[in-house]
Amino acid sequence: MKITAVRTHILQADLSQALACSRGWYKTRTAMLVEIETDQGLVGWGECYGPARISAAAVEYVAPWLIGENPVRSDYLWRLIYARMRDHGQKGVVIQALGGIDIALWDIKGKYFDAPVHQLLGGAERTRISAYATGLYRRQAADPVNYLAEEAAGYVAQGFPALKLRVGFGVEEDAAVTRAVREAIGPDAALMVDANHAYDSIAAIRLGRLIEQHDIGWFEEPVPPEDVAGYRAVKSALAIPIAGGECEFTRFGFRELFVTHALDIAQPDTCAAGGLSECKKIADMAEAFGIRYNPHVWGTGIAIAASLQLLAVLPPHTPPSLMPVEPILEFDCTEHPIRQAILVEPLEHVRGVVQVPDGPGLGIEIDRKALTRFVAQ
């Protein structure tokens with residue numbers, strides 16, 4: 001079997017209302033999908049996290065190296081691309097492009113062997129994944145304390161056992177909103193916070209000390225990803241577990257974070273950190289260092305499917321026991337017109353639980369009419 005074509009699909013959709021995290025306001029959602037075709041008629045799909053047009057250019061640049069190669073040799077092809085681009089792309093968009101390619105190769109591999117990706121990765125530990133709701137962004141409305149508390153209560157009513165609040169809008173406001181959300185959801189639902197690296201270590205520690213009383217499951221990206229010393233300072237100052245890694249790339253990038261124990265919870269994005277091949281290696285490293293692994297997920301149904309396939313094979317966070325702590329899925333509940341529309345059968349949650357697709361490859365089928373509908377202009 002040989003690769004005959006590599007295609008990119010840049011998609012975009014307007015939102016009904018603008019949303020904000022600590023880094024800015026967003027009026028659109030975009031996606032960049034990778035389609036790889038073979039001479040046996042098998043097609044694989046992947047997704048690249050990050051700026052769609054730049055990642056598309058990176059995929060198109062390396063695509064000629066893939067033509068004529070056997071897609072089953074995914075590790076070989078990963079190393080080939082990485083080695084040729086090492087001088088220019090150890091992190092960032094080049095690795096995001098490589099991640100989308102790698103996911104598509106795994107999708108082909110699963111279809112070739114008529115097996116779900118999780119079976120080829122070593123076999124499923126679980127077939128149903130507990131999910132937490134990602135949402136609670138700022139909106140152009142009067143009082144975030146009120147509308148975020150109401151939104152949070154809605155997620156608990158849907159059956160989500162956990163949810164994540166966006167912070168990074170000033171320490172005092174963050175503390176007030178966190179308190180309101182905790183009061184709205186009660187003591188049983190898990191609550192995490194994500195600053196999207198809005199703070200330095202001084203402000204992050206101050207916020208953490210103000211919200212520790214609200215039983216916070218983790219404090220995500222408290223400081224910029226480059227500030228590894230800042231991560232360690234925040235981690236040593238707070239009882240809240242510290243999470244991060246969505247802006248880190250490859251096992252080489254995570255090595256320092258693990259060796260220095262800068263994180264309690266690693267969050268590589270499968271579509272950013274190097275794809276399924278690399279993220280399985282990162283997960284194995286995390287287990288060796290006693291660091292929990294919960295992937296960052298922010299994309300279309302392809303990103304969700306790839307993350308589910310990986311989550312299916314990850315070991316529990318805890319050593320073998322009667323009550324293991326399992327990895328969980330980030331389930332984006334914000335508006336994203338493209339997310340489920342590109343799938344013939346959407347990947348939905350039922351009371352906060354998502355079934356791992358068990359069809360060949362990623363276990364999903366792409367609706368090509370939807371790709372046409374969302375083509376970026």
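Every heavy atom of this structure was used, including side-chain atoms; hydrogens, water molecules and symmetry mates were not.
Using a cut-off of 4.0 Å between Lys/Arg side-chain N and Asp/Glu carboxylate O, Glu335 and Arg29 are scored as not salt-bridged. Using a 4.0 Å cut-off between charged nitrogen and carboxylate oxygen, Lys281 and Asp75 count as a salt-bridge pair. Comment: Lys91 does not engage Glu226 in a salt bridge, judged by the lack of any side-chain N to carboxylate O separation of less than 4.0 angstrom. Salt bridge present: Arg206 and Glu172 bring a charged side-chain N and a carboxylate O closer than 4.0 Å.
Residue Ala305 comes nearest to Leu362 through the heavy atom pair CB-O, 3.9 Å, listed as atom of the first residue, atom of the second, then distance. Heavy atoms only, all atoms of each residue included: Ile302 and Leu33 are closest at CD1-CD2, 3.8 Å. Among all heavy-atom pairs drawn from Trp78 and Ser277, the shortest one is CD1-CB, 4.5 Å. Pairing each heavy atom of Thr38 with each of Pro71, the nearest pair is CG2-CG, 3.9 Å. Heavy-atom minimum distance, Ser201 versus Val223: N-CG1, 3.6 Å. The minimum heavy-atom distance linking Ala63 with Val6 is given by the pair CB-CB, 3.8 Å.
Between atom CD of residue Glu212 and atom CG of residue Leu207 there is a gap of 10.0 Å, rounded to the nearest 0.5 Å. The distance from atom CG of Asp14 to atom CZ of Phe374, rounded to the nearest 0.5 Å, is 10.5 Å. Rounded to the nearest 0.5 angstrom, Cys271 SG and His296 NE2 are separated by 10.0 Å. Rounded to the nearest 0.5 angstrom, Cys48 SG and Ile101 CD1 are separated by 7.0 Å. Expressed to the nearest 0.5 Å, how far CZ of Arg232 lies from CD1 of Ile242 amounts to 13.5 Å. Here the CG-CG distance, from Leu314 to Asp284, works out to 8.5 Å after rounding to the nearest 0.5 Å.
In this structure, the side chain of Asp194 engages the main chain of Asn196 through a donor-acceptor pair within 3.5 Å. Judged by distance alone, the side chain of Glu221 and the main-chain N or O of Ala195 form no donor-acceptor pair under 3.5 Å. Within the 3.5 Å criterion, the main-chain N or O of Glu37 finds a donor-acceptor partner in the side chain of Thr4. With hydrogens and angles disregarded, no donor-acceptor distance shorter than 3.5 Å links the side chain of Gln90 to the backbone of Asp87. In terms of modelled atom types and a separation under 3.5 Å, the side chain of Asp107 and the main chain of Gly361 share no donor-acceptor contact. Without hydrogens or angle criteria, Asp102 side chain to Leu276 main chain gives a donor-acceptor distance under 3.5 Å. The backbone N or O of Ala203 lies less than 3.5 Å from a partner atom in the side chain of Asp200, making a donor-acceptor pair. Within the 3.5 Å criterion, the main-chain N or O of Asp215 finds a donor-acceptor partner in the side chain of Arg182. Checking side-chain atoms of Glu278 against main-chain N and O of Arg251 turns up a donor-acceptor pair under 3.5 Å. Side chain of Asn294 to backbone of Pro327: no donor-acceptor contact under 3.5 angstrom is found.
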- Would you check, one step at a time, whether the test side chain to side chain contact (heavy atoms under 4.5 Å, CB included) holds for Gln40 with Tyr112? CA-CA 9 Å; Gln40 294 191 13; Tyr112 180 75; 3.8 Å; yes
- Leu148 and Arg166: CA distance, side-chain angles, deciding distance, side chain to side chain contact (heavy atoms under 4.5 Å, CB included) verdict: CA-CA 10 Å; Leu148 290 174; Arg166 301 290 163 167; over 6 Å; no
- Query: Is there a side chain to side chain contact (heavy atoms under 4.5 Å, CB included) between Glu246 and Tyr49 once you walk through the steps?
  - Reply: CA-CA 10 Å; Glu246 73 183 71; Tyr49 179 66; 3.6 Å; yes
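A side-chain donor-acceptor contact under 3.5 Å links Thr300 and Glu47. Using modelled atom types and a 3.5 Å distance limit, the side chains of Tyr155 and Glu151 yield a donor-acceptor pair. With no hydrogens or angles considered, a side-chain donor-acceptor pair links Thr8 and Glu60 at under 3.5 Å. Counting only N and O atoms by type, the side chains of Tyr199 and Asp174 include a donor and acceptor under 3.5 Å apart. Thr134 and Glu330 share a donor-acceptor pair across their side chains, judged by distance under 3.5 Å alone.
Atom CZ of Arg128 is surrounded by 12 or fewer heavy atoms from other residues, nucleotides or ligands within 6.0 Å. In Tyr61, the OH atom is not crowded: 12 or fewer heavy atoms of neighbouring residues, nucleotides or ligands sit closer than 6.0 Å. Within a 6.0 Å sphere centred on CG of Leu15, other residues, nucleotides and ligands contribute more than 12 heavy atoms. Within a 6.0 Å radius of CZ in Arg23, other residues, nucleotides and ligands contribute more than 12 heavy atoms. The environment of Glu173 atom CD is dense: over 12 non-hydrogen atoms of other residues, nucleotides or ligands sit within 6.0 angstrom.
Under the 4.5 Å side-chain heavy-atom criterion for ILVMFWY residues, a single connected hydrophobic cluster contains both Val94 and Val62. Under the 4.5 Å side-chain heavy-atom criterion for Ile, Leu, Val, Met, Phe, Trp and Tyr, Val43 and Trp106 are members of the same hydrophobic cluster.
Between Phe254 and Ile291, the closest side-chain pair of non-hydrogen atoms is not below 4.5 Å. Residues Trp298 and Thr334 form a side-chain contact, since some pair of their non-hydrogen atoms from C-beta on lies under 4.5 Å apart. Counting heavy atoms from C-beta on, the side chains of Asp367 and Ile342 never come closer than 4.5 Å. Taking 4.5 Å as the limit, some side-chain heavy atom of Ile338 sits within range of a side-chain heavy atom of His336. A 4.5 Å side-chain heavy-atom check between Val156 and Leu163 finds at least one atom pair inside the cut-off. Looking at Ile211 and Ile240, their side chains come closer than 4.5 Å, going by heavy atoms from C-beta outward. Pro144 has its side chain out of reach of Phe169: every pair of non-hydrogen atoms, C-beta onward, lies at least 4.5 Å apart. Glu69 is not listed as a side-chain neighbour of Leu105, based on a closest heavy-atom distance of 4.5 Å or more.
Here Gln267 pairs with Glu220 under the side-chain hydrogen bond (donor to acceptor under 3.5 Å, both in side chains) rule; sequence neighbours left out. The side-chain hydrogen bond (donor to acceptor under 3.5 Å, both in side chains) test applied to Gln355 returns no partner, not counting sequence neighbours.
Here Trp45 and His9 bring their ring centres to under 6.0 angstrom of each other. A centroid separation of less than 6.0 Å is found between the aromatic rings of Tyr82 and Phe252.
Only one option out of Pro357, Pro295, Pro116 pairs with Leu308 in a side-chain contact (heavy atoms from CB on, under 4.5 Å); it is Pro357.
The aromatic rings of Phe289 and His261 sit perpendicular to each other, their planes meeting at more than 60°, with 30° as the lower class boundary.
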